Amino acid sequence: MTQDLPDTHINKLAYALDSRFSRRSMLKRGVVLGFSAPVVSALIAACEVDDDDDVVVDDDDDEVAVDPDDDDDDEPEVADDEVDDDDDDAAEPVPGGTVRAVMPQLASDPTTMNPLFTRGGHEQAITILHFGGLLKMDDSLTPVPDLAESFEVSEDAIHIRFDLLEDAEWSDGEPVTSDDVVFTFETTLNPEVGSTATAQPMQILGGSAYFDGEADSIEGLSAPDDKTIEIELAEPNAIWVLQYYSLTGEGLIPKHIYEDIEPASLEGHELSRNPVVGAGAFQLTRWETEQFLEFTANENYVHGRPSIDRIEMMLMGPDVGLAQLETGEMDLVNVP
């Protein structure tokens, strides 16, 4: 069966990504619904400000806060399926500014900024912002495009083909190629690396032999050309793609940056804390331990530069985050 990745509104989250939400509309819905880690990452990557809302703009630092005098702020948002979004679509967005968000499900530092060593969806939601992946998943577990344009699963659920977007680039301008995909899979299954993401790649034909040191390559993994990846599974699995890219997506790492690092030292390498090149919507530019992670818009992102200039992921508990949301110091909080 062929899965041509949609570029239209396929569900609520995809609609949020494609449409021009006002900041207030997006924030109030987020608080009412309670953001999961992938929803936070997806929405902040696309949120924009419109001129119709009562907002206060500080020209000195581009921070935007909801006007505390707005009576609407005292009223709960109606159910999502009752909201008429026509006004949001009509508003012209104003690009720029900073979004401050409480780190999804984290009150302390993440363990890594390398997708090969993440230990949960909350960390994947952070690393995918920087690195990007073949696919990412929306909130209804539907694959949506990231660095791959389309994928195809054979009727016997054994063969999978990914086609990369022709214009996909790393943040340093180098093209994203199938060699990067092969390198990511091989590095993940290198026993010296100690990756936490081996479960799904191990299902590729020859994956176990490669992991055990019995083969020099993964038999079921090939790259016919620079933009095509073909995978053969050891056994049929119709939901392999869903399992591998569930919720937040699995990030790719650039071969030309990481290939010279000794596998055994990769997890502790400086690039696993402060990566310098990625293909995601935002790039990590600063990490203050026990305080925040700062991301800036990737000018080379294949789907276009994000409207927001900067994201600050703050490390704090939800109670403190909610208090700062009320004062306008915070824009997004994951509600318990």
Side-chain angles (χ1 to χ4, degrees), residues 23 26-27 30 35 37-49 57-65 94-115 117-133 136 146 170-172 248-249 251 253-254 257 269-301 303-318 320-325 327-334:
R23 182 179 291 256
M26 182 267 293
L27 294 183
F35 280 90
V39 174
V40 169
S41 296
L43 287 178
I44 59 180
C47 70
E48 299 167 321
V49 184
V57 180
D58 186 341
D59 292 333
D60 292 335
D61 58 10
D62 284 336
E63 293 174 17
V64 181
V94 179
T98 297
V99 167
R100 286 194 175 95
V102 174
M103 188 79 73
Q105 302 178 13
L106 281 176
S108 60
D109 285 291
T111 59
T112 186
M113 266 300 296
N114 188 320
F117 303 106
T118 55
R119 287 165 173 80
H122 50 287
E123 290 185 343
Q124 290 177 353
I126 299 166
T127 58
I128 201 70
L129 279 177
H130 178 93
F131 287 97
K136 56 186 176 182
D146 197 12
W170 298 104
S171 55
D172 61 357
T248 52
I253 58 175
I257 299 296
H269 196 277
E270 176 64 15
L271 287 178
S272 289
R273 176 181 172 81
N274 293 307
V276 296
V277 173
F282 289 85
Q283 298 295 284
L284 179 69
T285 51
R286 186 180 177 189
W287 182 351
E288 291 291 337
T289 302
E290 298 183 359
Q291 296 184 53
F292 64 89
L293 279 75
E294 179 185 83
F295 295 82
T296 56
N298 180 7
E299 301 288 345
N300 291 333
Y301 185 47
H303 297 292
R305 183 193 186 282
S307 294
I308 293 295
D309 291 336
R310 185 168 59 250
I311 298 171
E312 293 179 0
M313 291 281 199
M314 313 302 293
L315 291 161
M316 62 181 63
V320 178
L322 284 171
Q324 292 195 11
L325 182 70
T327 63
E329 299 172 79
M330 197 66 56
D331 296 311
L332 289 173
V333 176
N334 199 38

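What you see is a predicted model, and the numbers here were worked out from it, not measured in a lab.
Looking at every heavy atom in both residues, Val102 comes nearest to Gly321 through CG2-CA, 3.7 Å. For the pair Pro306 and Ala281, the tightest heavy-atom approach, listed with the atom from each and the gap, is CG-O, 3.2 Å. Leu315 approaches Pro110 most closely through the heavy-atom pair CD2-CD, 4.5 Å. Residue Thr127 comes nearest to Thr112 through the heavy atom pair CG2-O, 4.2 Å, listed as atom of the first residue, atom of the second, then distance. Nearest approach of Val277 to Phe131, heavy atoms of both residues: O-CE2, 3.8 Å. Between Ser272 and Phe117, the shortest heavy-atom contact is OG-CE1, 4.2 Å.
Rounding to the nearest 0.5 angstrom, the gap separating the CZ atom in Arg273 from the CG atom in Asn114 is 13.5 Å. Remark: Arg310 CZ to Arg286 CZ distance equals 10.0 Å, nearest 0.5 Å. Annotation: the span from Phe282 atom CZ to Leu293 atom CG amounts to 14.0 Å, rounded to 0.5 Å. Here the CG-CD1 distance, from Asp146 to Ile128, works out to 6.0 Å after rounding to the nearest 0.5 Å. In this structure, the separation between CG on Asn298 and NE2 on His303 is 11.5 Å, given to the nearest 0.5 Å. Atom CE of Met314 is separated from atom CG of Leu332 by 13.0 Å, given to the nearest 0.5 angstrom.
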message: What verdict does the side-chain contact (heavy atoms from CB on, under 4.5 Å) test give for Asp172 and Ile257, after you've listed the backbone C-alpha separation in whole Å, the side-chain angles of each residue and the deciding distance to 0.1 Å?
response: CA-CA 10 Å; Asp172 61 357; Ile257 299 296; 4.2 Å; yes
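Of the possible donor and acceptor atoms, one in the side chain of Gln283 sits under 3.5 Å from a partner among the backbone N and O of His130. The closest donor-acceptor contact from the side chain of Glu123 to the backbone of Thr111 lies under 3.5 Å. A donor-acceptor pair under 3.5 Å is formed between the side chain of Asn300 and the backbone N or O of Ser171.
Residues Val276 and Leu271 are in side-chain contact: their nearest non-hydrogen atoms beyond the backbone lie under 4.5 Å apart. Using a 4.5 Å heavy-atom cutoff, the side chains of Met330 and Val320 are not in contact. Side chains of Met316 and Gln324 form a contact here, defined as non-hydrogen atoms less than 4.5 Å apart. Side chains of Met113 and Asn274 form no contact here, defined as non-hydrogen atoms less than 4.5 Å apart. Between Ile311 and Glu294 the shortest side-chain heavy-atom distance does not fall below 4.5 Å. The side-chain heavy atoms of Glu299 and Tyr301, taken from C-beta on, include no pair separated by under 4.5 Å. Between Trp287 and Asp109, some side-chain heavy-atom pair lies under the 4.5 Å cut-off.
For CD of Glu270, the number of neighbouring non-hydrogen atoms (other residues, nucleotides, ligands) closer than 6.0 Å is greater than 12.
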